[in-house]
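Protein chains get the first letters and strands the later ones, always in sequence-line order, with residue 1 at the start of each. All values reported here derive from a predicted model rather than from experimental measurement. Just so you know, these numbers use all the heavy atoms, side chains as well, and skip hydrogens, waters and symmetry mates.
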Amino acid sequence: MTTTRFAPSPTGYLHIGGLRTALFSWLWARKNQGNFLLRIEDTDLARNSEEALEAILKAFEWVGMSYDGEALYQSKRFDIYGKYVDQLLAEGKAYKCYMSKEELTALREGQMAKGERTRYDGRYRDFKGTPPKGVEYVVRIKAPTEGNIVFKDGVKGEICIASSEVDDFVISRAGGVPTYNFVVAIDDALMGMTDVIRGDDHLYNTPKQIVVYEALGFKLPNFYHVAMINNEQGKKLSKRDGATDVMEYKVLGYLPEALLNFLVRLGWSHGDQEIFSVEEMIALFHPKNINKSSSNYNLDKLLWLNAHYIKNMPNVKLAGLLKEYGVHIESHDKLELLLDATKERGKTLVELANQINLILVPPSEYDEKASKKAFKGDANEILADFATLLKTYKTSLHTPPEYHAVLEKFVEGKAIGFGKIGQPLRISLLGSMTGSGLDEIMAILGVNETVARIEKAIGHHRI
RNA sequence: GACCCUUUCAUCUAGUGGCCAAGGAUAUUGUGUUUUCAACGCAAAAACAAAGGUUCAAAUCCUUUAGGGGUCGCCA
């Protein structure tokens with residue numbers, strides 16, 4: 001059975017890089033009817049925060065990714081890790097190291113000065129003497145001293161790292177709290193992980209974890225290291241260019257289906273296909289199609305996808321979502337018309353909300369430049385005549401085509417061009433020169449409101 | 001600095017030695033439709049990082065260089 005996991009440390013919010021690796025893991029598990037587990041990596045007791053964890057869980061909920069079973073907290077499993085430390089100590093596969101922090105710093109500085117990769121020198125590996133006083137020991141694991149550590153990465157291929165690059169790293173801190181690389185290996189093994197999909201910032205942790213797997217006799221999972229997401233310029237992603245809290249995308253008016261579609265195509269592909277529903281992603285995803293190279297964050301594509309999903313969303317559902325953006329149109333009798341007239345004009349729910357408000361809220365001011373252009377000559381008279389004509393219909397006009405017919409008849413009767421009435425009418429109704437179709441706007445507003453806005457605009461432009 | 005990974009249009013990508021004088025998508029530009037804006041349709045422009053090799057044949061394999069990323073914690 002395929003088992004994957006997402007293992008965040010609750011030290012900050014979830015950003016899109018984390019969400020993407022979570023998505024890949026989740027898709028792979030769901031595709032294989034396996035398990036997707038959540039594990040909270042909170043062994044650094046000082047840096048954990050409750051809010052960060054809640055934010056992560058909320059983000060998962062928003063995008064609709066569900067994990068199986070209960071979330072597992074590493075901080076509650078210290079006794080388990082402790083037993084393994086004891087076991088390795090007893091078997092001679094790990095040892096106590098009494099090196100002080102000062103000595104360690106000095107060692108590193110020396111190595112750095114020589115241009116080497118810093119590493120512990122193994123001075124307590126075979127120590128048999130009397131431990132120095134006043135130093136609390138840490139436990140280090142014995143890493144191989146010769147040869148290479150080789151493993152197969154499902155994304156990058158075979159990775160070969162010289163054992164000399166992997167030192168006897170700490171598995172248990174002074175005071176007995178175990179360290180990351182140790183507990184990750186144990187938990188992944190104990191949780192039955194078959195496939196570990198994670199960011200390639202973990203690539204160098206993998207040989208260390210393999211040392212643990214082998215010392216403990218655990219079976220290795222398949223590793224997949226996914227390259228990072230960079231910003232548009234190919235540099236490290238920062239808050240300014242997209243590395244914000246995933247929930248911030250909700251505030252900005254993005255749909256979770258658009259965000260997931262965007263992320264799944266960042267580093268993964270299925271031929272030329274661009275649009276993927278979640279069901280399709282699950283059906284088509286395979287880690288063998290994950291890209292080796294890093295990809296750059298590109299807001300334009302996300303906006304395009306978001307617009308796509310807005311356009312194709314049923315109006316009733318859209319109306320429900322819009323409540324969170326201050327637009328309450330669920331009981332509006334022209335709901336369908338209103339959204340049909342606006343949803344192609346908003347790339348985000350925020351923009352869509354603005355488009356809707358542009359129609360629903362009477363203009364409080366008129367675009368000055370456009371007014372000047374549209375209201376010269378006899379625009380006021382034409383508008384007044386049109387309002388008079390509209391009033392004669394009172395309750396018999398409902399649909400856009402009906403309004404269109406009236407408008408057409410009016411233009412013909414007056415023998416004027418469409419622009420003569422169209423421009424001032426649009427400014428009267430919306431206050432601006434851009435927006436939805438006039439027929440639709442009038443049908444949404446109804447005769448009374450349309451006439452009221454026209455008359456108000458005439459009054460305003462009389463000077 | 002050392003070690004590891006990586007490099008196809010501005011961006012996401014297809015591509016696994018001949019089907020590639022490199023395909024799709026976004027963005028851009030032009031154009032059509034239109035009562036404006038948008039949406040949509042059509043079209044254009046746009047890339048194999050560089051140099052050497054291997055081969056009858058290289059975007060694809062090898063080497064070097066250059067760019068980008070990652071890692072070098074008693075953080076995760």
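- Pairs of residues two or more places apart, or lying in two chains, that qualify as ring pair (Phe, Tyr, Trp, His ring centres under 6.0 Å) and include a residue from residues 400-423 of chain A are A:Phe386-A:Phe410.
- Of all nucleotides present, only B:A51 satisfies the Watson-Crick or G-U wobble test against B:U63, with each distance under 3.5 Å.
- Contact annotation: A:Asn298 side-chain N/O to B:U26 OP1/OP2 distance is not under 4.0 Å.
- Across all strands shown, B:U29 forms a Watson-Crick or G-U wobble pair, both distances under 3.5 Å, with B:A43.
- Rounding to whole angstrom units, NZ of residue A:Lys292 and C1' of B:A59 are separated by 15 Å.
- Only the C1' atoms considered, B:U28 is 16 Å distant from B:A47, to the nearest whole Å.
- Cation-pi contact between A:Arg140 and A:Tyr120: present, with separation from the ring centre below 6.0 Å and deviation from the ring axis of at most 45°.
- Atoms CZ (A:Phe276) and C1' (B:U13) sit 11 Å apart, rounded to a whole Å.
- With both ends at atom C1', the span from B:A45 to B:A25 equals 16 Å, rounded to whole Å.
- With both ends at atom C1', the span from B:A50 to B:U8 equals 15 Å, rounded to whole Å.
- Taking the P atoms as reference points, B:C19 lies 25 Å from B:U13, given to the whole Å.
- Screening A:Phe285, A:Trp268, A:Phe262 for a ring-ring contact (aromatic ring centres under 6.0 Å, His included) with A:Phe276, the sole residue that qualifies is A:Trp268.
- Residue A:Met99 is in base contact, counting any heavy-atom pair closer than 4.0 Å across all strands shown.
- With a cut-off of 3.5 Å on both Watson-Crick or G-U wobble distances, the partner of B:A2 is given as B:U71.
- Comparing A:Cys160 and A:Gly175 by the nucleotide of RNA chain B that holds the closest heavy atom to each, the one mapping nearer the 5' end is A:Cys160.
- Between A:Thr43 and A:Leu302, it is A:Leu302 whose nearest contact on RNA chain B lies nearer the 5' terminus.
- The side chain of A:Tyr180 has B:A76 as its nearest neighbour among B:C74, B:A76, B:A14.
- The pairing partner recorded for B:A58 is none, the criterion being a Watson-Crick or G-U wobble arrangement whose two distances lie under 3.5 angstrom.
- With sequence neighbours left out, the ring-ring contact (aromatic ring centres under 6.0 Å, His included) criterion links A:His308 to no other residue.
- As rounded to whole Å, 17 Å separates atom P of B:A76 from atom OH of A:Tyr73.
- In this structure A:Phe182 satisfies the ring-ring contact (aromatic ring centres under 6.0 Å, His included) test with no other residue, sequence neighbours excluded.
- Nucleotide B:C19 has no partner under the Watson-Crick or G-U criteria, as no pair reaches both atom distances under 3.5 Å.
- Judged by distance alone, the side chains of A:Asp367 and A:Ser432 never bring a donor and an acceptor atom under 3.5 Å apart.
- On the C1' atoms, B:C48 is 15 Å away from B:U6, given to the nearest whole Å.
- Counting only residues at least two apart or on different chains, the salt bridge (Lys or Arg N to Asp or Glu O under 4.0 Å) pairs with a member in residues 200-213 of chain A are A:Lys156-A:Asp200.
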Walk along nucleotides 31-47 of chain B from 5' to 3' and tag each nucleotide B, S or - by protein heavy-atom contact under 4.0 Å, base first, then sugar-phosphate.
----BBBBSS-------
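- Applying the salt bridge (charged side-chain N to carboxylate O under 4.0 Å, His left out) rule to A:Asp168 yields the partners A:Arg125; only residues at least two apart in sequence or on another chain are considered.
- Comparing B:C56 with B:U64, their P atoms sit 24 Å apart, to the nearest whole Å.
- In the set B:U11, B:U13, B:C5, the nucleotide with an atom closest to the side chain of A:Glu232 is B:U11.
- With 3.5 Å as the limit, one finds a donor-acceptor pair spanning the side chains of A:Asn181 and A:Gln209.
- Looking at heavy-atom distances under 4.0 Å, A:Ile159 makes contact with sugar-phosphate atoms alone, never a base.
- Computed from coordinates, the A:Leu303 CG to B:A27 P distance equals 9 Å when rounded to whole Å.
- Look at the P atom in both B:A21 and B:G67: the space between them is 32 Å, to the nearest Å.
- The base-pairing partner of B:C9, taking Watson-Crick or G-U wobble contacts with both distances under 3.5 Å, does not exist among the strands shown.
- Comparing the P positions of B:U7 and B:C61 gives an interatomic distance of 10 Å, to the nearest angstrom.
- The ring pair (Phe, Tyr, Trp, His ring centres under 6.0 Å) contacts involving residues 334-362 of chain A comprise nothing, where partners must be two or more places apart or lie in separate chains.
- Distances shown here put every side-chain N or O of A:Ser295 at or beyond 4.0 Å from the OP1 or OP2 atom of B:U11.
- Take A:Arg345 and apply the salt bridge (charged side-chain N to carboxylate O under 4.0 Å, His left out) test, not counting sequence neighbours, and it matches no residue.
- For A:Glu41, the side-chain atoms get nearest to B:A76 when compared with the rest of B:U7, B:U26, B:A76.
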Any chance you could list the contact pattern along nucleotides 66-73 of chain B? Use B for base contacts, S for sugar-phosphate-only contacts and - for none, protein heavy atoms under 4.0 Å, 5' to 3'.
--SSBBBS
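- Judged as a salt bridge (charged side-chain N to carboxylate O under 4.0 Å, His left out), and not counting sequence neighbours, the contacts of A:Glu103 are A:Arg123.
- Ring planes of A:His15 and A:Tyr13: perpendicular class, angle over 60° (limits at 30 and 60°).
- In this entry the distance linking CG of A:Asn148 with C1' of B:C3 reads 12 Å, nearest Å.
- With sequence neighbours excluded, the residues satisfying salt bridge (charged side-chain N to carboxylate O under 4.0 Å, His left out) with A:Glu165 are A:Arg117.
- Rounded to an integer number of Å, the gap from CG of A:Leu107 to P of B:C74 is 11 Å.
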Atom pairs, protein N/O to nucleotides 20-24 of chain B N/O, distance under 3.5 Å:
residue	atom	partner	partner atom	Å
B:G23	N2	A:Asp272	OD1	2.7
B:G24	N2	A:Glu274	OE2	2.7

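- In this structure, A:Phe60 and A:Leu14 have side chains that are in contact, with non-hydrogen atoms separated by less than 4.5 Å.
- If you check B:C4, B:A76, B:C74 against the side chain of A:Ala174, the one that comes closest is B:C74.
- Atom CD1 of A:Ile149 and atom P of B:C3 are 17 Å apart (whole Å).
- Atom-to-atom, CD1 of A:Ile275 to P of B:U13 comes out at 16 Å; the value is rounded to the nearest Å.
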